Amino acid sequence: MSLLTFPTELIHHILDQLGIDDILFSLRNVCRQFYALTNSYNRYKIRFTSSTPKADIYRICRIIRPENVISLALIQAHSDRVVERFKLLLSLVNIHQFTRLQSLDLYEVDPDTLDNILQHVITVPIFTKLSVAVKLFQPMSDRTVDLLSSILAAENFREFKLYGATGQIAALSWLSKCRLERLTLGSCDQRVLCHILDRLHNLRSFQADYFYTSDHNPSDISLSTAHLLTSLTLRSNKRCIYQYESLLSYTPALVHLHLTDYLTEFACLQRLSQWESFIRQKLPSLQTFKFHVSTNEYERHDTNTIESLVNAFRTPFWLQLKRWYVTCLYTADGTKPMLSLYSRSDSYNNFPDNMSRGYLSYSTSTTENDNVIDMNINWKVRLNASDVVGSIGLHETHKKNRYTFQSIAHLALDLYPSIASYQLLSALSDYSQLREIWLFFNADDHQLGCNVMRDILNLVGNVPTVGISYTNDWTLIPEGILDAIISHQVKHLIIRTTYEECMQSVVTYARQLTTITFIRDQCSLNAWTHMTRWLDNNGNKYSVKDDSRSLCVYFE
């Protein structure tokens, strides 16, 4: 069956999945039938960025019929270049010819052009979606406010995004007859939010990229009645947890909730861990709960406090009923320490990439395999070995140390040549549960690296997985390091490298291992082409699995 024999509507549906460049510059030139199809297609979506060649804009405007365009968008990048390309479009095509426009994204268009465009879309009965970004510190004119208010009142208008013009949001006519269903604001306070929710009864999704506390009545969050909002996203700073609870008590129909607060109080993290009862009572329909709350007010190195936070999420409600998993991450990098509590959609936690390089960072997470009776914590720790070993040494005479963990399951060490011995790390934790250790070598002294590998593996015992990373990607792994790994019965070796000679030498030398995995920082579809070809040419003694980020070799 030929594509040309398909019904026109089906072909148009296929074209909906393609970009305008593919349709106009490739498919259109295949044959006369496709040429005719692209002329009759009436659902074009034009999208310009700062990298869109001007020649392409000229070609698009020469070929396409404005009445066949349903979406216009300019995407923020280098704003001056994007606006320049949009002005070029408007100089080639009259905006009033876009009679079937349904969606429009405008980024920092000059006020006169903005008003001209808005004046036109008011006359388009099928127009449903508008996104407007006003220049920072440039207020909207009264004319713009009136035009936006008229669009909001249109019968078919459903989705609105407004960035900038914070002080004028309340000036828009949020009428009760408005049929708006999805609203995104660059910023707003609780007074504006309550004002909008009290009037827009059809609203189902609301997002505020910056939800701030008003200077007037900072804790006053109240609605005249409950609202049937189903999706809520709020990003805030220093908002009290009780303000969230006050607002959410008016939204019992929420299905999706996303909260972010980067500079909250430690009490917010503690209270959030007790939300099982609150969600059961106030948000019975909630299916998706994403949150990321952080505080820089927690300066203690008390792992017991963090354990109590995480263990509150180890109940059947969080792990089995909702399958909402959380991570608690502490980071001290020379500035003020930061403690973060955040959710994950699954129980996978990528170590050590989720740990920042610095003085000390540690985390613990809930997983789908957690035992709700056994609350023992297994820690993931990354540390600057030189600083922490020195700290342990200073406290050794007092027989106690601030940096201790009951049990470490995943350990990453940033290594420097200044350390003579790592024996003091034995005071850091019990390593009987250690499943993975990563060594980040910050020097290319191979003899030093061999000694370090032997000393650390002697210290932690038989750990099944070892990861290695060098600052220089063109580093060959010394045989002495591989000998130490093999002699300690390591099963899985992970190496962060893209150096093919390194990969080939490791695969050739370390055949006693179960698997060797090579990973890279940047994803690439063709990352492992030459290496997989080399493996294919060297017999069938192993199998291979690869993706855009990693290549795993399984020895048979």
Side-chain angles (χ1 to χ4, degrees), residues 351-353 355 357 360-362 378-393 396 401 403-472 475-497 502-503 505-519 552-555:
F351 179 84
D353 293 338
M355 311 288 283
R357 176 179 177 180
L360 171 69
S361 60
Y362 54 82
N378 286 324
W379 292 95
K380 299 177 178 68
V381 180
R382 180 169 182 174
L383 53 86
N384 181 319
S386 179
D387 289 341
V388 175
V389 166
S391 173
I392 293 173
E396 190 178 33
N401 171 47
Y403 310 105
T404 57
F405 304 87
Q406 291 296 320
S407 178
I408 296 180
H410 305 265
L411 176 64
L413 300 173
D414 291 292
L415 304 171
Y416 297 87
S418 58
I419 306 177
S421 172
Y422 291 88
Q423 290 305 311
L424 287 176
L425 287 177
S426 60
L428 185 71
S429 174
D430 168 20
Y431 296 107
S432 61
Q433 301 300 315
L434 189 66
R435 300 192 293 271
E436 178 180 11
I437 185 168
W438 270 85
L439 304 182
F440 290 83
F441 291 99
N442 292 283
D444 293 330
D445 187 334
H446 288 171
Q447 184 57 43
L448 174 67
C450 297
N451 295 334
V452 167
M453 181 63 73
R454 285 194 294 269
D455 291 346
I456 291 179
L457 291 181
N458 286 333
L459 173 67
V460 301
N462 294 329
V463 57
T465 301
V466 171
I468 299 174
S469 178
Y470 279 92
T471 303
N472 182 359
T475 300
L476 291 172
I477 308 298
E479 292 182 357
I481 286 182
L482 296 176
D483 286 336
I485 290 172
I486 294 170
S487 64
H488 280 81
Q489 302 178 10
V490 172
K491 296 180 179 179
H492 313 289
L493 175 60
I494 309 173
I495 303 175
R496 192 186 299 272
T497 186
C502 171
M503 293 187 279
S505 65
V506 171
V507 170
T508 302
Y509 191 85
R511 296 176 181 273
Q512 298 92 328
L513 301 176
T514 302
T515 63
I516 300 175
T517 301
F518 304 102
I519 62 174
C552 187
V553 181
Y554 301 85
F555 292 93

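Just so it is clear, the structure is predicted and the values come from calculations on it, not from any experiment.
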Task: Chi angles and distances behind the side-chain contact (heavy atoms from CB on, under 4.5 Å) call for V506, T497 - done: CA-CA 11 Å; V506 171; T497 186; over 6 Å; no
- [ ] Compare every heavy atom of V466 with every heavy atom of M453, then report the nearest pair and how far apart it is.
- [x] CE-CG1, 4.2 Å
Open item on the list: Is there a side-chain contact between H492 and T514 in this structure, where contact means two heavy atoms from C-beta onward sitting under 4.5 Å apart?
Closed with: yes
- [ ] Compare every heavy atom of A412 with every heavy atom of F440, then report the nearest pair and how far apart it is.
- [x] CE1-CB, 4.0 Å
TODO: Kindly indicate whether the side chain of L383, heavy atoms from C-beta on, has any atom under 4.5 Å from the side chain of D414.
DONE: no
- [ ] Pick out which of F351, Y431, W438 makes a side chain to side chain contact (heavy atoms under 4.5 Å, CB included) with L411.
- [x] Y431
Task: Euclidean distance, Y470 OH relative to L439 CG, rounded to 0.5 Å - done: 9.0 Å
Open item on the list: If I take atom CD1 from residue I456 and atom CG from residue N451, how far apart are they, to the nearest 0.5 angstrom?
Closed with: 11.0 Å
Task: Spacing of N442 atom CG and T471 atom OG1 [to the nearest 0.5 Å] - done: 4.5 Å
- [ ] State, to 0.1 Å, how close I516 and A510 come at their nearest heavy-atom pair, and which atoms those are.
- [x] CD1-O, 3.9 Å
Task: M503 CE to I495 CD1 distance, which is reported to the nearest 0.5 Å - done: 9.5 Å
Task: CD on Q512 to CZ on F555, rounded to 0.5 Å - done: 8.5 Å
Open item on the list: Show the nearest heavy-atom pair for residues A409 and L434, with the distance to one decimal.
Closed with: O-CD1, 3.5 Å
- [ ] Compare all side-chain heavy atoms of R435 with those of T465 and state whether any distance is below 4.5 angstrom.
- [x] no
Open item on the list: Looking at D430 and S407, would you say the former's side chain and the latter's main chain have a donor-acceptor pair under 3.5 Å?
Closed with: no
TODO: Let me see the working for I485 and I468 under side-chain contact (heavy atoms from CB on, under 4.5 Å), right down to the final yes or no.
DONE: CA-CA 11 Å; I485 290 172; I468 299 174; 3.8 Å; yes
- [ ] Looking only at non-hydrogen atoms, find the nearest pair between E436 and V463 and report the distance.
- [x] N-CG2, 3.6 Å
Open item on the list: Just so I know, are the side chains of L513 and L482 near enough to count as touching, which here means a heavy-atom distance under 4.5 Å?
Closed with: no
TODO: Measure across G480 and R454 and return the closest heavy-atom pair with its distance rounded to 0.1 Å.
DONE: O-NH1, 4.4 Å
- [ ] To the nearest 0.5 angstrom, please state how far the CG atom of L493 sits from the CD1 atom of I486.
- [x] 9.0 Å
Task: I477 vs C502, side-chain contact (heavy atoms from CB on, under 4.5 Å): CA-CA, chis, key distance, verdict - done: CA-CA 7 Å; I477 308 298; C502 171; 3.6 Å; yes
- [ ] Mind running side-chain contact (heavy atoms from CB on, under 4.5 Å) on V381 and L360 for me, showing each step along the way?
- [x] CA-CA 8 Å; V381 180; L360 171 69; 4.2 Å; yes
- [ ] Return the orientation label for the Y362 and W379 ring planes: parallel under 30°, perpendicular over 60°, tilted otherwise.
- [x] perpendicular
